[in-house]
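Heads up, the thing below is written out as structure tokens.
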Amino acid sequence: MARSSSETSPAAGRLGDTGPPPGQDDFYEPPAHRWWVLCVIGLAQLMVVLDATIVNIALPSAQQDLGFSDGDRQWVVTAYALAFGSLLLFGGRLADLVGRKRIFLIGLVGFAVASAIGGAAPSFEILVMARALQGAFGAVLAPAALSLLTTTFTDARERAKAFGIYGAIAGAGAAVGLLLGGILTEYLDWRWCLYVNLIFAVIAFIGGMRLLRPGAPPDRPDLDVPGTLLVSGGLFCIVYGFSNAERHAWSAPSTWGFLLTGAVLLVAFVWWQMHARHPLLPMRVVGDRDRGASFIAMFLSGAGMFGVFLFLTYYMQRTLRYSPVETGLAFLPMVALLVVTSVTTTNVLVPRFGAKPIVPTGMLLSGGAMAWMTALDGSSTYAAHVMPPLLLLGLGLGLIFATSMNLATAGITPHDAGVASAMVNTSQQVGGSVGTSLLNTLATSAATSYLVGRRPTAGAVAQAQLHSYSVAYWWSAGFFAFGFVVTFLLFRAGPPRIAESTEEGAAPAVM
């Protein structure tokens with residue numbers, strides 16, 4: 001079985017090359033520029049990831065300034081998640097059809113404009129509209145960034161380093177958003193949590209204009225319009241259904257109706273992809289065991305991780321009385337360990353042992369960290385009780401993210417790089433949305449049940465909050481435990497073989 005052209009071509013990694021590897025003329029970057037390209041891509045990805053949490057810190061101030069209700073507040077977060085999660089696969093295919101540089105730059109400009117509108121929003125309605133626009137352009141930008149990384153770094157050793165760094169950014173971005181949001185809200189104004197994206201976008205745009213190669217794929221297939229409508233509608237209904245469960249019962253038609261409709265649409269999407277002439281998501285992209293296991297790992301770890309950031313933030317601010325800045329700083333040790341673990345894993349562990357022992361181990365460590373956090377109470381201290389499980393979580397997520405992102409896009413042909421990258425982002429984003437909504441609903445129910453038959457004194461309410469956090473941590477531990485079983489069964493033993501394909505330009509082989 002032959003290696004893919006991106007792996008074996010002599011032009012794929014030597015200094016002084018004058019031309020692109022076969023099949024990659026649109027996306028090839030001179031080796032001397034590759035690490036600068038990584039800086040540009042990483043900055044864009046950081047902007048998208050941290051925006052999922054940076055606004056959370058600013059919400060109380062924005063609510064006071066614009067005068068919207070507690071019931072409306074969640075739409076500032078949900079609008080972003082709905083647009084981002086439902087349009088990711090469409091955005092990824094656009095990158096394949098139109099050209100990665102062009103879509104990357106369009107995404108940057110659109111995200112910056114939406115951020116400026118949100119920062120200057122005079123009303124709640126304008127703020128929600130801006131957040132939805134951010135999500136839509138983020139859905140265009142994120143898969144273009146990852147596919148650029150995939151097609152730029154084809155040398156195995158360089159690819160390992162690049163994906164280690166990128167995986168660390170993806171895993172740590174949410175925590176960085178909490179810290180940056182706290183600093184901007186406390187020392188400037190909540191609007192700067194949106195304005196700051198303009199700084200990131202301008203730097204990334206200038207770098208992208210200078211470093212990325214222009215052009216478009218020479219043999220572009222038609223866009224799969226029915227498939228786009230089915231998957232976008234299905235993902236929208238799934239994310240909305242789980243978000244709606246935070247405010248209404250699971251038995252409410254507005255909850256189960258959307259979830260059922262979303263499931264039906266996604267089943268119809270899979271059927272259509274098997275019969276479409278130019279499918280939006282070719283089944284060869286998800287058919288490989290290692291790649292499928294990577295998508296599942298991103299979904300489950302995203303569900304557990306975002307839930308932790310939410311409830312641990314509540315715990316530190318409401319129980320330990322930390323300021324927004326102190327809360328953000330408390331996550332930094334975890335971020336540091338996540339970065340080190342991600343880079344070490346992709347460069348040292350994966351080439352030697354493969355993903356089978358690494359990702360399941362990360363799931364076990366992350367689940368153990370969640371179970372450890374259930375012991376947190378009103379008398380806990382940061383150094384003795386909060387930081388140790390946070391460090392264990394950073395270690396576990398570092399093993400999961402970089403490995404899964406690498407294998408999810410390894411060996412993919414250039415024409416499928418955008419949609420494969422979109423599947424990575426879709427898995428993490430939809431997992432995060434589902435996990436956050438589900439955990440929030442379970443935690444709220446737990447707090448209500450705890451107070452049944454008790455007088456609602458300040459002490460009882462505080463204990464009910466702690467109980468609700470503990471329930472959320474146990475469920476997060478359950479996500480990771482399930483992830484351990486699935487990834488242990490699906491990932492192949494031994495060093496990765498997903499990068500192999502049949503012939504130049506062919507689909508990666510399923511072994």
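Given the structure is predicted, the values throughout are model-derived calculations rather than measurements. One is the number of the first residue; the rest follow in order along the sequence.
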query = Does any non-hydrogen side-chain atom of Met316 lie less than 4.5 Å from one of Glu326?
reply = no
task = With sequence neighbours left out, write down each residue that passes side chain to side chain donor-acceptor pair (under 3.5 Å) with Thr344, or none if nothing qualifies.
result = none
ask   = Of all residues at least two apart in sequence or in a different chain, which pass the side chain to side chain donor-acceptor pair (under 3.5 Å) check with Ser115?
value = Gln134, Asn197
key: Nearest-0.5 Å distance that lies between atom CG in Leu141 and atom CE in Met47   = 5.0 Å
Spatial distance of atom CE (Met334) from atom CG (Leu312) [nearest 0.5 Å] = 9.5 Å
key: Set of side chain to side chain donor-acceptor pair (under 3.5 Å) partners for Thr255, sequence neighbours left out   = Asn244
request  = Please name all residues satisfying side chain to side chain contact (heavy atoms under 4.5 Å, CB included) with Ala132, sequence neighbours left out, ordered by chain then number.
outcome  = Ala79
note = One should read off an interatomic distance between Met405 CE and Ile400 CD1, to the nearest 0.5 angstrom, of 12.0 Å
task = Look up atom CZ in Phe401 and atom OG1 in Thr341, then write down how far apart they are to the nearest 0.5 Å.
result = 12.5 Å
Residues forming a side chain to side chain donor-acceptor pair (under 3.5 Å) with Gln273, sequence neighbours excluded = Asp224
Please list every donor-acceptor pair under 3.5 Å in which a side-chain atom of residues 387-395 meets a protein atom from a residue at least two apart or in another chain.
none

note = Rounded to the nearest 0.5 angstrom, the CZ-CG distance for Phe491 and Asp290 is 6.0 Å
